[in-house]
Every structure is written in C-alpha cells, then in structure tokens.
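Beneath this line is the structure, given in structure tokens, with notes to follow.
In what follows, chains are A, B, ... by sequence order, proteins preceding strands, each numbered from 1. We use all heavy atoms of the structure for the numbers below, so side chains are in, but hydrogens, waters and symmetry mates are not.
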Amino acid sequence: MAKFLTNREENYSQWYNDLVIKADLAENSAVRGCMVIKPYGYAIWEKIQAELDRLFKATGHVNAYFPLFIPKSFFSKEAAHVEGFAKECAVVTHYRLKNDENGKGIVVDPTAKLEEELIIRPTSETIIWHSYKNWIQSYRDLPILINQWANVVRWEMRTRLFLRTTEFLWQEGHTAHATREEAIEETEKMINVYAGFAENSMALPVIKGYKSETERFAGALDTFAIEALMQDGKALQCGTSHFLGQNFAKAFDVQFTDRTGKLDYVWATSWGVSTRLMGAIIMGHADNHGLVLPPKLAPIQVVIIPIYKNIEQLATLSETANKIKAGLEALGISVKYDDRDNNKPGWKFADYELKGVPVRLAIGPRDLENKTVEVARRDNLTKETIPIDKVNEHIPKLLEDIQANIFNKALNFRKENTFYVDKWDDFLKILDNQGGFIMAHWDGTKETEEKIKEESKATIRCIPFDSPEEDGKCIYSGKPSKRRVLFARSY
RNA sequence: CGGGGUGUAGCGCAGCCCGGUUAGCGCAUCUGGUUUGGGACCAGAGGGUCGCAGGUUCGAAUCCUGCCACCCCGACCA
C-alpha cells in the first residue's frame, strides 16, 4: 500500500500534522497561528459540544454570552491574573481605518484611537465578574451557574493545529457561590464531569488531580486537571477546573448578604475545555492508517460502500444499501452511503480509514446473492461477513464494542507506560527512552519542581486525587515526601 | 523571540549554485472510453502575479535587500 501519512514511529509530530490536514480536520489560515476548522473537523467539535452541553445542563448550568472585548482596566484588577496573561494578550487600540493619503491602501486612522484600549479575551473571568457585581446582592441570588461557548485569543509563541492555536474555541464555566465548601464542591463536580466525558465519550483514560502551585491557573487558589497520556509518551492536559476563592469577588467588589445578614465576598470557580480535545482524540487513538474516532464522537459512524461493475448493478445495490441505511438511522446511528462513481472501492476504503469512521459496510453482487454484507471495523482493521438481516442487531453492539476497545487499548497503553520511579537516573532514562507517566516522590517545594523541570523537561502534571499516602524520599532532593505525584513531559 | 530549514499549478516536487525566448514533472481536476471485492488504465484538455515588496541587469524563478508565512528544535502556554 502506498504511503499517505508519515509513519507515526518515524516522526510523531509530522504524522500528527499530516493527519490533521489529510483527514480534512483543519488547515492553517492566512493569520499566523490561527486555523480554519474544516467541516469534518468541526462536525467532531459539534459532537463534543453537544455532549458537554448536555452534561453541563444536567448538572444545573445554563448558557450565556459575554463580550469578546475586555476593557484593559478590568484586566489589571486581579494581580495574579494579569501577571499570568499579560504576555499573551491581543490589544485593540483603534476602531477605524482610512484610505492612505499616499495611495498605499488602507491604514489605521490615528484619530480613531480608543480612550481605553480593549483586550481580546484570553479568558473571561474579569468581564464576567464585573457583570456579577450587578447581579448579586443576596445569598438568594446564589449560586450562579453559567457556562459560555466562545472563542478566546492567546498570543502564543509556537502554535500547532488544535493543540495550541492563537485563537481557539472553548467553553468556560463561571460560577458564584455563597460558601467556600459549595465552590470547592462545584470545582470537583466539574473536573468529574470532564473526566467522565473524556473516558466515556472520547474513550481516553485520564488522571484527575491537583495542580502544583506553579502550574495553577493565574488567580486560582486551587486548580484541578485531567491529564491524558498520548501515544508518544507525552502528557496532554485535557481540562481544568479552578477554585478561585474570593479573589475575583474582591477584585470586582462582589459582596452579598448571607442568611445572618452579614456581608461577605462571593466564592468563585471557573472551568474549561477547548478544541485541544480534538488533539487528544487524534493523538490518543490514531494509527498509521489515519484517525480512529470513538464511535460516540464520530460524525459518520457507519459508511456503506457499494461494489459494482455497471450502473444497473449499482442501482440494485443501492436499493439494499439504502434499506440498511434507513434501518440503522432508525436506531440513531449516523450512516453515509457513498455511491460516488469517481473513486474505486479501494480508494474509498482507504479514505474512510484515514477519516477514522468506526464501521465500514461493503456490499457487492456477491453479497447480494448471499444476502450478506462485509463489516470492517476501524479500531483493529478486521473484517467479517454477516447476514443482512443481522445488521440492525449487530452494528449497535459493534459500535459499543469499538468504543470500549479503544478505551481499553488506551488504558493498557497508559498502564504499560506508567512507571513508579525512585531513582533520579531512572527518571531521566525513562523520559529519554520511551516517555510516559512517572509516579515519583516530590518534596513539595517550588525550587525542586523548578530544578526537575530544568534538568528533565518534565513537569508535575498533577498530584493525583487517588495517589495513596506512602512515606518516601523526593526523587530529586531526597527529602521526605508523603505521596507520589505525576510527572511527564507534556504538550 | 533565538537557532535551523522551506516557500515554483489544488497537493507533492525539479529547475536556482553558474541569469537568456513559450517554467517542467507526478498526483489531483475536466472530456471521452475501458474499468470497479483494498488507493485502476488509455487518449486528450485546462490550470502559474515562481510567497510579497523593492533593487541590480538589455534580460530575474535564478543575484542582492527587506518583509511575510509554514515546518523542526528551544523559552511561554489550554
């Protein structure tokens, strides 16, 4: 078979780039660092959105929308927050263009300078908390459980399609609560929603945990994250949920009267996932033939390909194929019948494999005669022939089976690539050889964390919630430690 | 932003070092025909501001300057 993709083993990042382009998910745009998400890629994002939106609403949240622009002054109200984001903000300074007097096209009109510059949101805490000030007076106004689907801009140095783009799509939840406990509960609830989504829908096992102080969100008291292991042994942060304490309430002076009549600041959380999840799906499951989409997020779950010698034969096949299609659609399965005549079946087989379609049905005269259909599954590339009248029974089970199988495959990969390490030499050796997750002791200090990062390029991905207490010595400093934390090189 | 590389048709590339009439190849596209159970074949056709802007020259894809974009490696990050 001819090579259409760079081999994953040869050059992982080239393979990734090839895949995104060739599977028609996205492409680079005329603007540096910004991508065009193409219909097939966007369809996957829409599936992600739909399921997350359902989960948010099921946990009591509602959607709203806040502006793209944030007055510069808002941004500086929370000290840690501005510190964290200042270096990557796009700024609007003017509101008008004009024709150049020297005939050199269009220029910024210097008389149209804004009184106060506007920041294009890198995240919306500030403008949202400015609104919340007006919305909250009493404990009866709480909690506020709002999510918004939006685009944000972070002026990154180096970008990669889906993993890190200058503009990206995401959702950001911003909640306000009367008590610290309730806000912490919300923060935990949402990291669990994310973890559930990653594992159930994306078929990607994740580790939930706390971020170390240095890795925390700018302005948060605590950040929870889910971390997934990619096939090249690097970690990808897939979602974060932040306990913001009263920091933003204080910065924007949002106080409420509690049950006892006492005035207090509101407690906050924020949480988000982005189009980066697309990258996680790709790097978590895809192979040298292309994408492997989890059935629950695949825009096309089943593709039917006719094999025929002439138009008359195609017409006969189409009759059966359309019946199969209608039957599966009635079961809520998305089916594409590809009867285009410009490509041969072999071409289509390869193309749908590249696009990660979970199940392919091929039907030809031979099948028609035997009342059968050939079923090929994308996850393990096996084929079987089944009677047509068993399709409605077989395919739903098969989709579930594929969903479970790719999850288990990813889980096994993670198990095989998670190492409990106690010696610094082994730590470095593992990172350089195969990568993976490393569970090791850490003395809890910023200094050690920094040194480890410098010398190994690995960071603390998180302190897993379920990491058991055990006495040990820090992998780097040898000082005492109570539990292992999760290290990895990351995206 | 630092180091390295690349930019020529929708895609992948040759030509550039050593300037010279109409800029070439493969894939894709279009037309006609034969095909169709794992990326078909034959014949014909269309498609180019040679990344952009200046400069040198009788003449620039080719030489010079600046800029832009993309890729890889670092620092920053979801």
Under a 3.5 Å cut-off for both contacts, is [N] paired Watson-Crick or G-U wobble with anything, and if yes, with which nucleotide?
N      : answer
U65(B) : A53(B)
G74(B) : C1(B)
U21(B) : none
G48(B) : none
C41(B) : G33(B)
A60(B) : none

What interatomic distance, in whole Å, is found between [atom1] of [M] and the corresponding atom of [N]?
N      : M      : atom1 : value
A60(B) : G12(B) : P     : 28 Å
C42(B) : C27(B) : P     : 9 Å
C11(B) : A28(B) : C1'   : 7 Å
U6(B)  : G47(B) : C1'   : 24 Å
G7(B)  : C52(B) : P     : 13 Å
C64(B) : C17(B) : C1'   : 15 Å
G3(B)  : A61(B) : C1'   : 28 Å
U57(B) : A14(B) : P     : 32 Å

Task: Toward the 5' end of RNA chain B, by each residue's nearest nucleotide, E374(A) or K453(A) - done: E374(A)
Task: Residue closer to the 5' end of RNA chain B, R360(A) versus R164(A) (nearest nucleotide) - done: R360(A)
Would you indicate what [X] reaches in the nucleic acid, counting non-hydrogen atoms under 4.0 angstrom: base, sugar-phosphate, or nothing?
X       : result
S490(A) : nothing
E156(A) : base
K211(A) : nothing
T240(A) : nothing

Check the distance between [N]'s [atom2] and [X]'s [atom1] and give it to me in whole angstrom.
X       : N      : atom1 : atom2 : result
L317(A) : G37(B) : CG    : P     : 13 Å
N342(A) : C30(B) : CG    : C1'   : 12 Å
K87(A)  : C77(B) : NZ    : P     : 6 Å
W155(A) : C1(B)  : CH2   : C1'   : 15 Å
E215(A) : C77(B) : CD    : P     : 8 Å
W347(A) : C41(B) : CH2   : C1'   : 18 Å
L236(A) : C77(B) : CG    : C1'   : 12 Å
L163(A) : C76(B) : CG    : C1'   : 15 Å

TODO: Please name all residues satisfying salt bridge (charged side-chain N to carboxylate O under 4.0 Å, His left out) with K355(A), sequence neighbours left out, ordered by chain then number.
DONE: D351(A)
- [ ] Confirm from the modelled atom types if R154(A) and C77(B) form a donor-acceptor pair under 3.5 Å, side chain to base only.
- [x] no
- [ ] Check whether the side chain of E353(A) and the base of G38(B) form a donor-acceptor pair under 3.5 Å.
- [x] yes
Task: Atom pair CD1 (I191(A)) and CD (E186(A)), whose distance is rounded to the nearest 0.5 Å - done: 11.5 Å
Between [X] and [Y], does at least one N-O distance fall below 4.0 Å, as a salt bridge requires?
X       : Y       : result
D287(A) : R378(A) : yes
R414(A) : E227(A) : no
K208(A) : D466(A) : no

Open item on the list: We want to know whether Q171(A) and N63(A) form a side-chain donor-acceptor pair, criterion being a heavy-atom distance below 3.5 angstrom.
Closed with: no
Open item on the list: Check the orientation of W424(A) and F427(A). Use parallel for under 30°, tilted for 30 to 60°, and perpendicular for over 60°.
Closed with: parallel
Atom pairs, protein N/O to nucleotides 66-74 of chain B N/O, distance under 3.5 Å:
unit_1: A69(B); atom_1: OP1; unit_2: R32(A); atom_2: NE; d: 3.4
unit_1: A69(B); atom_1: OP1; unit_2: R32(A); atom_2: NH2; d: 3.4
unit_1: C70(B); atom_1: OP1; unit_2: G33(A); atom_2: N; d: 3.1
unit_1: C71(B); atom_1: O3'; unit_2: N17(A); atom_2: ND2; d: 3.4
unit_1: C72(B); atom_1: OP1; unit_2: N17(A); atom_2: ND2; d: 3.0
unit_1: C73(B); atom_1: OP2; unit_2: R158(A); atom_2: NH2; d: 2.9
unit_1: G74(B); atom_1: N7; unit_2: R158(A); atom_2: NH1; d: 3.4

Open item on the list: Counting C-beta onward and ignoring hydrogens, is there a side-chain heavy-atom pair between I307(A) and I363(A) closer than 4.5 Å?
Closed with: no
TODO: For the pair R121(A) (side chain) and N151(A) (backbone), establish whether a donor and an acceptor sit closer than 3.5 Å, ignoring hydrogens and angles.
DONE: yes
TODO: Report yes or no: does T459(A) contribute a side-chain atom to a donor-acceptor pair with the main-chain N or O of R461(A) at less than 3.5 Å?
DONE: no
Task: Ring centroid separation F248(A) to H174(A) under 6.0 Å - done: no
Open item on the list: Could you check whether H61(A) and W271(A) have their ring centres less than 6.0 Å apart?
Closed with: yes
Interface polar pairs with nucleotides 33-36 of chain B, N/O, under 3.5 angstrom:
unit_1: U36(B); atom_1: O2'; unit_2: Y308(A); atom_2: O; d: 2.9
unit_1: U36(B); atom_1: N1; unit_2: Y308(A); atom_2: O; d: 3.3

